[in-house]
Amino acid sequence: MDVLTTILTCSLYLADDNLVRAIAESTSQSNPYFVIDTSVDMTQVDPPPPPKSASEALARTTDILAKGGRPLVGLLQVPPTWMSAFGRELSDAFDPCTNIAVGTAMLSQFDSECAGSGPPNAALKPRTLPSAARRRCVLRKYEEAIRLAGFSTVTSLELRYQRHLQPQVADAPIFAGAQAASWGPNQLLVPVLFGKSDSSSTSK
């Protein structure tokens with residue numbers, strides 16, 4: 001999975017791709033199966049090894065919820081309540097594209113709130129860099145919503161030292177794999193676009 005390509009494919013927050021990438025690469029360390037219990041002080045306990053599969057991540061999240069904990073899951077550290085608010089199952093949180101879509105939908109809401117009551121033309125245009133103050137406001141609101149102490153600081157540091165990356169179009173989650181026999185809502189385009197069509201494909 002290429003994080004930047006997934007963000008460019010699935011993000012609903014067009015104003016600040018760098019911020020979305022920093023969130024994904026900070027606390028969750030680009031692990032789509034990331035799970036943390038924010039009700040536990042991780043400085044006082046030995047954290048368990050990170051999950052390595054969606055089923056393992058779902059089992060850990062379910063266990064945290066059963067014990068009254070406050071889990072955050074996936075690339076953008078999404079609370080389970082956000083998944084249900086958007087009509088998605090908890091297991092969907094471990095699909096990178098869905099997780100980014102839900103998390104960035106909330107970022108868009110926070111950005112709108114941070115914009116205040118300015119004139120309509122004050123709204124950000126897609127792919128324009130927001131002001132530092134507005135970015136700080138969005139980060140603060142996200143931190144307050146997910147209730148993860150130090151989130152803004154860690155994400156800001158990630159932004160400061162972020163390296164430029166080139167997205168890889170073939171890694172976008174909307175493309176079916178070369179061996180895929182069928183595809184669904186997250187795989188909208190077929191390998192023929194990359195010259196991997198079978199003998200039954202026709203050229204124009």
Side-chain angles (χ1 to χ4, degrees), residues 1-39 50-51 53-115 123-124 126-127 130 134-135 137-148 151-152 155 167 171-176 183-189:
M1 180 200 68
D2 179 79
V3 172
L4 179 57
T5 303
T6 305
I7 290 170
L8 295 177
T9 304
C10 307
S11 176
L12 301 179
Y13 183 45
L14 303 182
D16 197 351
D17 294 328
N18 289 335
L19 175 58
V20 179
R21 179 185 156 203
I23 295 173
E25 293 181 340
S26 57
T27 306
S28 65
Q29 298 181 333
S30 302
N31 178 11
Y33 311 126
F34 173 82
V35 179
I36 189 173
D37 183 0
T38 59
S39 68
S53 67
S55 58
E56 184 182 349
L58 179 60
R60 185 173 300 179
T61 305
T62 303
D63 181 63
I64 292 172
L65 288 170
K67 294 177 179 178
R70 299 195 308 269
L72 299 177
V73 298
L75 287 173
L76 298 191
Q77 298 112 73
V78 170
T81 52
W82 289 4
M83 300 302 298
S84 57
F86 285 93
R88 304 307 296 257
E89 298 294 330
L90 180 56
S91 57
D92 294 332
F94 304 107
D95 172 78
C97 192
T98 302
N99 188 279
I100 286 174
V102 170
T104 54
M106 296 303 297
L107 279 171
S108 293
Q109 176 180 318
F110 298 145
D111 182 84
S112 178
E113 294 170 2
C114 290
L124 285 174
R127 308 298 177 200
R134 188 153 167 182
R135 178 184 268 175
C137 175
V138 172
L139 268 176
R140 185 180 68 253
K141 285 181 176 291
Y142 203 95
E143 179 180 294
E144 291 171 352
I146 68 175
R147 301 171 68 182
L148 180 60
F151 169 84
S152 294
T155 305
D171 290 331
I174 62 171
F175 293 103
W183 59 92
N186 292 334
Q187 297 173 314
L188 304 180
L189 304 178

| note | dist Ser39:OG -> Arg147:CZ (nearest 0.5 Å) comes out at 9.0 Å
| query | Out of curiosity, Leu139 CG to Lys141 NZ, how far, rounded to the nearest 0.5 Å? | reply | 12.5 Å
| Do Gln77 and Phe34 come close enough that some side-chain heavy atom pair is under 4.5 Å? | yes
| said: Determine whether a donor-acceptor pair (N or O, by modelled atom type, separation under 3.5 Å) exists between the side chain of Ser26 and the backbone of Ile23. | reply: yes
| task | Any chance you could measure Cys10, atom SG, to Asp95, atom CG, to the nearest 0.5 Å? | result | 7.5 Å
| With Thr6, which of Pro32, Ser30, Pro96 fulfils side chain to side chain contact (heavy atoms under 4.5 Å, CB included)? | Pro96
| note | Rounded to the nearest 0.5 angstrom, the OG1-CD1 distance for Thr81 and Ile146 is 11.0 Å
| query | For Arg70, which residues count as a side chain to side chain donor-acceptor pair (under 3.5 Å) partner, sequence neighbours excluded? | reply | Thr38
| Can you tell me if Asp92 uses its side chain to pair, donor with acceptor, with the backbone of Glu89 under 3.5 Å? | yes
| query | How are the rings of Phe94 and Tyr33 set to each other: parallel, tilted or perpendicular (split at 30° and 60°)? | reply | tilted
| field | Heavy-atom side-chain proximity of Leu90 to Leu65 below 4.5 angstrom | value | yes
| request: Kindly compute the distance separating SG (Cys137) from CZ (Phe110), expressed to the nearest 0.5 Å. | output: 10.0 Å
| message | If we check side chain to side chain contact (heavy atoms under 4.5 Å, CB included) with Trp82, which of these qualifies: Val73, Val102, Leu76? | response | Val102
| request: Identify the two heavy atoms, one from Glu143 and one from Phe151, that lie closest to each other, and give their separation to 0.1 Å. | output: OE1-N, 3.1 Å
